[in-house]
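Below, each value reflects all heavy atoms present in this structure, side chains not excepted, and no hydrogens, waters or symmetry copies. Naming convention: chains lettered A, B, ... in sequence-line order (proteins, then strands); numbering from 1 in each chain. In this text the structure is predicted, and so the values were computed from the model without any measurement.
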Protein chains: 2
Amino acid sequence: MVDYSSRRDALRKILINKAESAVFLDPVSIRYLSGFSGSNAALLVGQDNYLDVLLTDSRYTQRAKAESPDIEVQIDREFTKQIHKQLESKSIKKIAIDSTRMNISQGEALSNKDTFELVKMRELLAPLRSVKDEYEIKQIKKACAITADTLWFLINDLRPGMNEKQISNLLQEGFLKRGADGLAFASIVASGQNSATPHHEPTKRILERGDMVTIDCGALVNGYHADMTRTVFIGTCADWQKDIYDLVMKAQEAGRKKLTAGVIAEEVDEATRKIIRDANYGEFFVHGTGHGVGLEIHEPVFIAKDVKTKLSSGSCITVEPGIYLPGKGGVRIEDTCLVTEAEAEVLTPGSHEIICVA
Amino acid sequence: MVDYSSRRDALRKILINKAESAVFLDPVSIRYLSGFSGSNAALLVGQDNYLDVLLTDSRYTQRAKAESPDIEVQIDREFTKQIHKQLESKSIKKIAIDSTRMNISQGEALSNKDTFELVKMRELLAPLRSVKDEYEIKQIKKACAITADTLWFLINDLRPGMNEKQISNLLQEGFLKRGADGLAFASIVASGQNSATPHHEPTKRILERGDMVTIDCGALVNGYHADMTRTVFIGTCADWQKDIYDLVMKAQEAGRKKLTAGVIAEEVDEATRKIIRDANYGEFFVHGTGHGVGLEIHEPVFIAKDVKTKLSSGSCITVEPGIYLPGKGGVRIEDTCLVTEAEAEVLTPGSHEIICVA
């Protein structure tokens with residue numbers, strides 16, 4: 001279904017005038033370029049498709065052949081030795097690696113040869129991975145649909161007396177029941193004062209009337225991630241809660257409106273941040289506006305100050321401003337969105353308005 | 001409950017005569033040394049406890065203070081700059097890093113100073129992490145008990161007509177219901193011919209009478225992993241299936257008997273391998289005998305050929321020989337075991353004998 005060789009061809013274009021070949025040892029890059037989903041592999045991308053080689057160990061013989069039928073699979077645990085052999089046999093002099101995805105020991109083992117030069121590049125695949133193809137968009141849409149469906153059912157069922165951990169378990173069960181492979185990340189369920197912590201880990205704290213509850217969760221489908229957050233209120237919503245909610249809602253809407261092909265990433269961040277800053281809550285919006293999602297839950301493009309990347313059609317990006325008042329509570333609203341030439345498509349649909357449940 | 005400062009003190013002893021300080025950027029090392037469980041942090045371990053510093057970003061202010069009360073927490077996204085400042089203010093000349101857990105770009109950013117020298121060490125924390133303390137053993141025991149309980153309930157319920165994916169979902173639900181935080185790893189459910197693939201990913205293949213089914217799974221509790229495998233038979237067990245099952249059972253028992261403090265890792269591997277090799281199935285046992293489990297699902301000590309590490313009391317290690325006949329099927333039996341001065345304690349209890357269900 002997926003044409004992995006065309007992804008490797010796109011990489012070959014990036015390498016022109018920089019290196020003749022590239023080596024990957026990290027599972028995510030390897031999965032993107034070959035389809036192979038095992039935990040232990042090396043991938044050599046050569047000057048031409050028929051020179052590409054996937055190395056893995058004998059636990060994965062069948063899986064590698066099934067998942068990567070268009071690439072030569074070699075079963076050999078000694079990746080470095082094999083790669084050196086391949087590079088020498090092809091007289092390759094310059095080999096690209098992703099220095100953000102290879103550890104120092106791996107780099108040293110690989111470069112332990114004077115026959116070729118390592119060309120270190122940062123986030124080598126980011127330009128490719130940040131623009132999703134049809135298959136990827138389908139997986140992310142499915143993960144997002146499962147996430148939104150599960151979250152809205154759950155929000156409807158929230159009651160005083162439930163605890164955070166229990167809600168987090170219900171999310172996981174709901175995802176599986178709807179066909180997800182698992183969690184995109186450990187769910188955040190932050191109630192009452194806990195909602196002032198953006199990345200709160202669910203506890204046994206029991207929901208009470210008057211609580212705000214922030215739920216940040218995502219399903220995983222065929223390796224692709226979803227990411228969605230809503231903050232809801234149990235029974236009632238106090239004035240101070242309504243004030244910050246309305247502000248975050250407006251900021252999130254402004255971010256979504258700004259999110260379109262051709263815009264610079266930091267401009268989307270500024271669109272949400274300005275609204276919160278102008279209302280004198282700037283210091284309480286303590287994180288970036290969003291991030292790319294795909295084979296990783298956080299991947300380029302990051303939507304933050306000083307990020308000059310121009311957004312492209314086909315990027316899947318979150319918009320998730322928040323306000324966190326220490327000792328009181330916080331609000332975050334987040335959607336995963338598909339960037340298009342027009343307004344971004346929200347993949348995690350549902351109301352952004354204040355909701356009081358129970 | 002956990003005395004993280006004593007773990008950092010143990011690290012300081014390792015560093016004597018090698019470096020005055022150590023820097024970590026990977027979440028697992030940081031969690032081990034400080035208790036902090038967030039996804040983005042840097043940890044500087046100084047010459048003395050009061051010089052240790054944990055850096056993280058503002059999403060984690062509260063969590064860092066709660067999880068790491070005995071360490072100075074600084075909120076600053078510019079980790080490298082802050083670390084350089086700290087090192088300079090303390091006139092540190094030699095700083096240790098774990099070269100297997102820091103990427104090349106991070107290493108370059110960190111070493112971009114002529115005021116100190118980076119001392120690269122491989123798996124710097126392995127000597128500490130491979131011997132679990134009381135708290136860690138308690139978490140692993142809990143994860144293993146949940147795993148075994150779930151797996152045995154499920155085995156009892158296996159019926160022709162169920163599919164692999166469905167079984168994998170039931171495992172996940174069972175773990176959560178029993179109090180796990182999630183999965184230690186994506187469960188392997190391999191039925192019929194699929195069981196010839198050691199690391200098979202569950203499909204919609206439907207269980208039939210006469211199938212062998214290998215289930216490899218583990219629960220996650222407070223960051224600690226469990227790992228357990230059983231192969232069972234649906235309805236009947238053919239002679240060839242019984243032959244390889246009995247062999248793997250004997251090999252696994254021999255491995256467990258050998259697994260004791262003072263033994264060299266490769267000797268445990270040889271104990272299981274010899275039995276399988278002597279019966280002329282050696283080429284079909286395509287992986288190592290086992291691995292350490294703890295904050296990671298695979299961590300040192302690895303039980304494989306040429307590993308000369310002496311085992312210690314308090315290590316948690318899997319024993320998991322297998323035989324995989326391509327095109328036919330395979331058997332693996334695995335327990336997570338606690339190494340003691342006497343016979344290893346099996347943490348994932350239950351029969352090792354042939355079981356036919358349904």
Nearest-0.5 Å distance that lies between atom CG in B:Asn40 and atom NE2 in A:His298:
9.5 Å

Chain A heavy atoms under 4.5 Å from B:Asn194: which part of the residue, side chain, backbone, both or neither?
neither

Is the closest basic N to carboxylate O distance between B:Lys120 and A:Glu108 below 4.0 Å?
yes

Look only at the side chain of A:Arg122 and the backbone of B:Ser105, and say whether a donor-acceptor pair between them is shorter than 3.5 Å.
no

Give, as side chain, backbone, both or neither, the part of A:Asp98 having an atom under 4.5 angstrom from any heavy atom of chain B.
neither

Quick one: CD1 on A:Ile104 to CG on B:Leu118, what's the gap to the nearest 0.5 Å?
7.0 Å

Which atoms of B:Ser37 come close to chain A, meaning under 4.5 Å heavy atom to heavy atom: side chain ones, backbone ones, both, or neither?
side chain

Considering non-hydrogen atoms only, spot the tightest contact between A:Thr100 and B:Asn103 and give its length.
O-ND2, 3.0 Å

So for B:Glu67, is it side chain, backbone, both, or neither that comes closer than 4.5 Å to the heavy atoms of chain A?
side chain

Closest approach of B:Val286 and A:Arg59, non-hydrogen atoms and distance?
CG2-N, 4.5 Å

Would you mind checking which part of B:Asn169 comes under 4.5 Å of any heavy atom in chain A, side chain (CB onward), backbone (N, CA, C, O), both or neither?
both

Could you name the residues of residues 320-328 of chain A that have a heavy atom within less than 4.5 Å of a heavy atom in chain B?
A:Pro326

Taking B:Thr197 for its side chain and A:Gln62 for its backbone only, find out whether a donor-acceptor pair lies under 3.5 Å.
no

Proximal component of B:Lys165, with respect to chain A [non-hydrogen, under 4.5 Å]:
side chain

Turns out that what part of B:Ile75 lies under 4.5 Å from chain A's heavy atoms comes down to neither

